[in-house]
Amino acid sequence: MNASAFAPDLLRDVARRRTFAIISHPDAGKTTLTEKLLLFGGAIQMAGTVKARKSARHATSDWMEVEKQRGISVTSSVMQFEYGGHTINLLDTPGHEDFSEDTYRVLTAVDAAVMVIDAAKGVEVQTVKLLEVCRLRNTPIITFVNKLDREVRPPLELLSEIEAVLKIDCAPITWPLGMGKTFRGVFHLLHEQLLRFTPGEERAGGETELLAGIRNAKLDQLFPLEVGQLREDVELIEAASHPFDITAFLAGTQTPVFFGSGINNFGVREILQALVEWAPPPQPRDGGARLVQPAESPFSGFVFKIQANMDPKHRDRIAFFRVCSGRYTPGMKVQHQRAGREMKLANALTFMANERVASEDAVAGDIIGIHNHGQLQIGDTLSSGEALGYKGIPYFAPELFRTARPRDPFKAKQLEKGLQELGEEGAIQVFRSLASNDMLLGAVGPLQFEIVAQRLATEYKVDALYDAASIATARWLTFPDDNLRRDFERQQLGALASDVDQNPVFLAASKYNLQVVMERWPAVGFHTTREHGQRVVHA
């Protein structure tokens with residue numbers, strides 16, 4: 001479609017959007033950076049720092065009780081703010097390793113990512129996993145090496161590790177002068193100026209002091225002990241490292257690298273500037289039937305997350321919806337593609353830092369919250385009428401299993417309802433055994449069970465007992481025909497279950513057991529992932 005065919009106001013508004021997520025290993029400083037981006041974006045006036053969690057203040061993006069207790073982000077929040085003439089949509093992802101599945105889904109809704117690396121620890125396990133997910137869609141990555149105000153590893157060593165482990169070229173944009181107690185600032189390689197470091201936590205201060213040129217005599221006066229190493233490093237970088245290449249960055253093969261200290265507000269402004277200048281606006285997306293352009297006027301998008309009870313005062317369920325094309329207007333009617341019926345979007349929400357407000361307008365790249373009474377599921381496509389189906393929102397085969405039963409047998413219906421809703425939301429995977437009718441919970445990490453138990457107790461008033469199940473892993477099944485399906489079900493009934501979308505699932509007692517059954521039934525498909533909302537009965 002020719003760009004001139006698009007409405008000018010829609011083209012302009014889409015071009016202003018920047019939608020990104022922050023990815024990191026737990027404790028690398030992601031929650032702090034999230035807050036500081038909001039602080040510099042003017043969305044909040046004062047940061048509730050990580051240290052202040054012990055008091056009444058908590059990170060703006062962490063709202064669930066367990067997050068406040070543990071000081072981790074376990075749910076994904078969305079925050080929108082204005083910066084530099086652009087509308088920034090920041091999707092906060094769960095940093096805890098147990099929540100990788102929810103994080104993977106959030107990464108399907110963004111156009112770029114900021115990767116936070118702890119300068120003392122370097123590349124950690126979770127970062128590797130998250131980058132693999134970004135690579136599936138060639139998501140452009142900006143890297144922020146954090147905590148330079150502490151004793152950390154040599155920057156050149158960190159860059160080598162990022163390149164070797166994550167298989168991505170690094171293009172340093174800023175370079176540190178000193179570290180820990182002698183951290184003096186960063187030299188901006190593109191602007192050829194030193195940004196002087198001054199500690200300060202809670203408010204976005206005034207302008208950073210700038211000193212022009214690497215040979216500036218003032219550097220020798222101010223930093224006689226550190227400046228020699230800086231000049232040596234810069235010379236080495238300019239000779240040996242990759243210069244920043246916007247095309248390679250947009251293709252996801254090169255990452256610009258910034259150094260700083262999030263907790264001290266240092267280096268945050270440069271990240272925001274990089275997002276505005278370099279990160280892509282919303283891109284065309286695979287709508288199943290065709291490639292959908294973001295500035296097309298017909299409205300479309302997909303649900304990538306469902307969150308129950310965000311407001312404890314109201315039993316609400318919010319579907320987080322990524323707009324992919326067109327413009328949302330209050331009260332508009334859309335086609336719910338999976339259900340095959342019309343739906344009115346009466347009072348969608350926009351997420352402004354720590355508050356939810358009625359959305360008056362949203363275009364491609366924006367995330368809106370749709371009040372949901374069970375009709376929407378993760379992966380659902382809504383459109384102005386055209387039969388589209390956005391792709392790529394995965395469920396992953398769980399490796400940990402528990403059976404659930406209510407302590408009070410009269411609460412069985414409540415338990416079932418709670419688990420069904422939490423399963424649709426994606427907080428946990430829920431399977432029903434075909435042989436015994438037992439409810440089974442599947443997770444990618446043990447903390448997920450703890451969260452679900454807490455939410456069942458507080459939101460559904462169900463006290464349940466959770467027992468370990470002797471299951472090693474699960475696989476979704478596809479069959480070439482109904483006869484084979486019936487034969488397989490007859491012989492393997494004890495190991496079969498169905499998921500929340502009524503898909504058949506094989507529950508293997510051990511990896512060996514899985515291997516034997518797969519060899520015995522070569523025509524049956526055994527799948528480690530499936531897309532949300534997709535029926536997978538036939539191969």
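Residues: numbered from 1 along the sequence shown.
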Main-chain N/O of [Y] paired with [X] side-chain donor or acceptor, under 3.5 Å:
X      : Y      : value
Thr255 : Cys170 : no
Arg18  : Ala279 : yes
His527 : Ala397 : no

Quick one: do [X] and [Y] make a salt bridge, cutoff under 4.0 Å?
X      : Y      : answer
Arg455 : Glu450 : no
Arg12  : Asp9   : no
Asp361 : Arg327 : yes
Arg137 : Asp286 : no

Using the salt bridge (Lys or Arg N to Asp or Glu O under 4.0 Å) rule, pick out the option among Arg322, Arg338, Lys305 that qualifies with Asp380. Arg338
Return the set of residues passing side-chain contact (heavy atoms from CB on, under 4.5 Å) with Gln254 (not counting sequence neighbours), or none when no residue passes. Asp169, Ala171, His242, Phe244, Asp245, Ala248
Taking side-chain contact (heavy atoms from CB on, under 4.5 Å) as the definition, give me every residue that meets it alongside Ile471, ordered by chain and number, with sequence neighbours left out. Phe401, Leu440, Ala469, Leu507
Just by distance, with hydrogens left out, do Glu421 and Tyr460 show a side-chain donor and acceptor under 3.5 Å apart? yes
Do Glu386 and Ser300 meet the criterion of a side-chain donor-acceptor pair at a distance under 3.5 Å? no
Verify whether the ring centers belonging to Phe321 and Phe299 lie closer than 6.0 Å. yes
So do the side chains of Asn146 and Asp118 get within less than 4.5 Å of each other, counting heavy atoms only? no
Filter on salt bridge (Lys or Arg N to Asp or Glu O under 4.0 Å), then keep only pairs touching residues 365-379, sequence neighbours left out; what's left? Arg17-Asp366
